A.B. asks: 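Before I ask anything, let me first share the structure, which is written out below as structure tokens.
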Amino acid sequence: MDRLSSIAGRLISEHSLTTEEYAFLIENRTPEITELLKEAAVRLRKEIYGNAVFTRGLIEISNICRNDCLYCGIRKSNRNCDRYRLSREDILLCADEGYTLGFRTFVMQGGEDPYFTDDVLEDLVREIKRRHPDCAVTLSMGERSRESYERLYAAGADRYLLRHETADPDHYRKLHPPAMSYEHRMHCLAELKDIGYQVGCGMMVGSPYQTVRNLAQDLKFIETFKPDMCGIGPFIPHKDTPFRAEPAGTLELTCFLLSVIRLIHPPVLLPATTALGTIHPLGREKGIQAGANVVMPNLSPVSVRKKYELYDNKICTGDESAQCRGCLNLRMESIGYELVTDRGDIRKEGF
Ligand code: SAH
């Protein structure tokens, strides 16, 4: 058997490869191997989760950010970004509306906005859990102190999403300003896990300066860290960032990596992201068909949606939450999957 087939076979049977082997697999992938891994990924996902696709209601609570990530449309130096912050009342209304629409997980995501102190966030988490005790609350509010993560966990937050962005320190430096560090980001991820959160990491596919080796390092990190969730989507340039002229990541490579990640860590919750739906009209469907099992429709008020613009041409910025929900329902049904309304916790038994 040739090296490519033998590596692919071992990924399927052992869920683990060396970093060099991951790089070889990415570099030398063929349509046939892509198809083989996709089928194995879908089979495995079906064994664990059937044809269920979990939904998370995304509430984009603020686009004010103290950070200056070079790829991100809401970076501090973007003077053209029309800043907003949702009020407590706005956020709670989004969650209430989401609950009525059948969402049982709410993700509060935002820039690193200093207004959201521990006191403010704690109160929000508590209030959402008080109103909707059967729901999971996920936070995606960037890097905070251990004490802060502990307080929010004690207040009832169940999950935390913090993409690692890249598992290579040199690559990390090319994507972020000097004030940010790879070490700190990884430290935060380790602390979140230690505290007891269900943790999500992840990276962009095709981010500037990314090499095949970098992606292989990301895969090795995912293999060892074993995140409960893993968010990957294509990099898409934003017109008001230094990376405005860089090419976007591709649907093909993103879907390939979704299959590989499913095979590395079978129970992982893997979203077919909005970015994937932005680079191709059927991107999210193709993501699910490659091994993803989560979608994250937007619950933010329509009045602010356009302003949470991490990248150009983000989809679903004009639709009401109910429309988003209905549209995704139809999209998932069209490919033989079912949007389900439970909390969608990870099923780790046996892994
Ligand atoms: N402040 C939070 C939330 C960041 S936004 C945090 O630091 O975790 C969520 C994710 O969007 C980021 O982690 C990044 O991977 C992704 N993102 C940002 N800019 C992007 C772009 N131009 N293209 C694609 N994804 C992008």
Side-chain angles (χ1 to χ4, degrees), residues 56 58-78 81 83 85 107-116 121 138-144 148-149 152 157 159-167 171-172 175-177 179-182 184-189 191-192 197 199-210 214-215 218 227 229-251 253-254 257 271-280 283 287 296 298 300 307-315:
R56 281 73 168 91
L58 184 63
I59 309 174
E60 298 155 335
I61 68 176
S62 170
N63 69 356
I64 297 170
C65 193
R66 67 187 168 106
N67 280 337
D68 217 19
C69 307
L70 276 75
Y71 45 82
C72 185
I74 65 169
R75 65 199 301 263
K76 178 175 66 181
S77 345
N78 181 6
C81 177
R83 306 285 169 176
R85 175 186 294 137
V107 183
M108 285 190 271
Q109 186 179 82
E112 293 194 9
D113 178 350
Y115 169 82
F116 287 99
L121 270 185
T138 306
L139 295 174
S140 179
M141 299 294 298
E143 298 175 29
R144 305 176 71 93
S148 169
Y149 290 147
L152 298 170
R159 309 179 182 144
Y160 206 102
L161 302 178
L162 185 74
R163 290 190 177 178
H164 64 285
E165 312 296 0
T166 170
H171 185 217
Y172 192 93
L175 300 179
H176 299 97
M180 295 178 72
S181 86
Y182 164 85
H184 192 255
R185 194 117 184 135
M186 288 299 190
H187 182 70
C188 286
L189 279 167
E191 287 192 324
L192 287 163
Y197 283 96
V199 182
C201 66
M203 70 281 184
M204 291 176 286
V205 177
S207 60
Y209 308 107
Q210 184 179 64
N214 293 152
L215 283 172
D218 289 323
M229 292 104 53
C230 184
I232 74 160
F235 159 76
I236 304 174
H238 186 286
K239 60 183 184 322
D240 298 315
T241 64
F243 292 157
R244 62 180 66 83
E246 298 291 328
T250 67
L251 174 75
L253 182 52
T254 307
L257 292 168
T273 57
T274 304
L276 195 56
T278 297
I279 57 163
H280 189 282
M296 299 175 69
N298 204 317
S300 308
K307 301 179 185 171
Y308 196 80
E309 204 188 36
L310 307 177
Y311 45 80
D312 290 336
N313 306 317
K314 189 173 150 210
I315 54 168

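Numbering of ligands and ligand atoms starts at 1, following listing order. What you see is a predicted model, and the numbers here were worked out from it, not measured in a lab.
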A.B. asks: Should the proximity of Arg185 to ligand 1, defined as any heavy atom under 4.0 Å, be assigned to the side chain, the backbone, both, or neither?
C.D. replies: side chain
A.B. asks: Quick check on contacts: which atoms of ligand 1 are under 4.0 angstrom from a heavy atom of Arg163?
C.D. replies: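 Those of ligand 1 that fall under 4.0 Å from Arg163 are 13 (O), 14 (C), 15 (O), 16 (C).
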A.B. asks: Check the pair Arg66 / Glu112 against salt bridge (Lys or Arg N to Asp or Glu O under 4.0 Å), numbers first and verdict last.
C.D. replies: CA-CA 6 Å; Arg66 67 187 168 106; Glu112 293 194 9; 2.5 Å; yes
A.B. asks: Which atoms of ligand 1 have any heavy atom of Cys72 under 4.0 Å away?
C.D. replies: 19 (N)
A.B. asks: Starting from atom 11 (O) of ligand 1, find the nearest protein heavy-atom neighbour and note its residue, name and distance.
C.D. replies: Leu310 CD1, 3.5 Å
A.B. asks: Checking the N or O distance criterion of under 3.5 Å, is ligand 1 in contact with Tyr71?
C.D. replies: yes
A.B. asks: In ligand 1, which numbered atoms sit nearer than 4.0 Å to a non-hydrogen atom of Leu162?
C.D. replies: 8 (O)
A.B. asks: Please answer whether the main-chain N or O of Gln210 pairs with a side-chain N or O of Ser207 as donor and acceptor at a distance below 3.5 Å.
C.D. replies: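 Not a single qualifying donor-acceptor pair exists.
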A.B. asks: Checking side-chain polar atoms at under 3.5 Å, does Asp218 have a donor or acceptor matched by the opposite partner on His164?
C.D. replies: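 On atom types as modelled, these side chains qualify, holding a pair under 3.5 Å.
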A.B. asks: Is the distance between the ring centroids of Tyr71 and Phe235 under 6.0 Å?
C.D. replies: no
A.B. asks: If you compare all heavy atoms of Ile279 against all heavy atoms of Leu251, which two are closest, and at what distance to 0.1 Å?
C.D. replies: CD1-N, 3.4 Å
A.B. asks: Going by heavy-atom distance to atom 2 (C) of ligand 1, choose the closest among Gly73, Gly111, Gly110.
C.D. replies: Gly110
A.B. asks: Can you tell which part of His238 has a heavy atom less than 4.0 Å from ligand 1: side chain, backbone, both or neither?
C.D. replies: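 Neither; nothing of His238 gets under 4.0 Å from ligand 1.
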A.B. asks: Counting non-hydrogen protein atoms only, what is the nearest one to atom 15 (O) of ligand 1? Give residue, atom name and distance.
C.D. replies: Glu165 OE1, 2.7 Å
A.B. asks: Return yes or no for this condition: an N or O of Gln109 is under 3.5 Å from an N or O of ligand 1.
C.D. replies: no
A.B. asks: Are any non-hydrogen side-chain atoms of Met203 and Leu215 less than 4.5 angstrom apart?
C.D. replies: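 They are in side-chain contact.
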A.B. asks: Write out the residue and atom name of the closest protein heavy atom to atom 20 (C) of ligand 1, then the distance separating them to 0.1 Å.
C.D. replies: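 For atom 20 (C) of ligand 1, the nearest protein heavy atom comes out as Met204 SD, 3.7 Å.
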A.B. asks: With a 4.5 Å limit on heavy-atom distance, are the side chains of Leu310 and Glu60 in contact?
C.D. replies: no
A.B. asks: If you measure only the distance, is there a donor-acceptor pair under 3.5 Å linking the side chains of Thr166 and Asn214?
C.D. replies: no
A.B. asks: Using a 4.0 Å heavy-atom threshold (strictly under), name the region of Pro234 that reaches ligand 1: side chain, backbone, both or neither.
C.D. replies: backbone
A.B. asks: Examine distances only and state if a side-chain atom of Asn63 and a backbone atom of Lys307 form a donor-acceptor pair shorter than 3.5 Å.
C.D. replies: yes
A.B. asks: Purely on distance, is any nitrogen or oxygen of Ile236 under 3.5 Å from one on ligand 1?
C.D. replies: yes
A.B. asks: Any protein heavy atom lying closer than 4.0 Å to atom 4 (C) of ligand 1?
C.D. replies: no
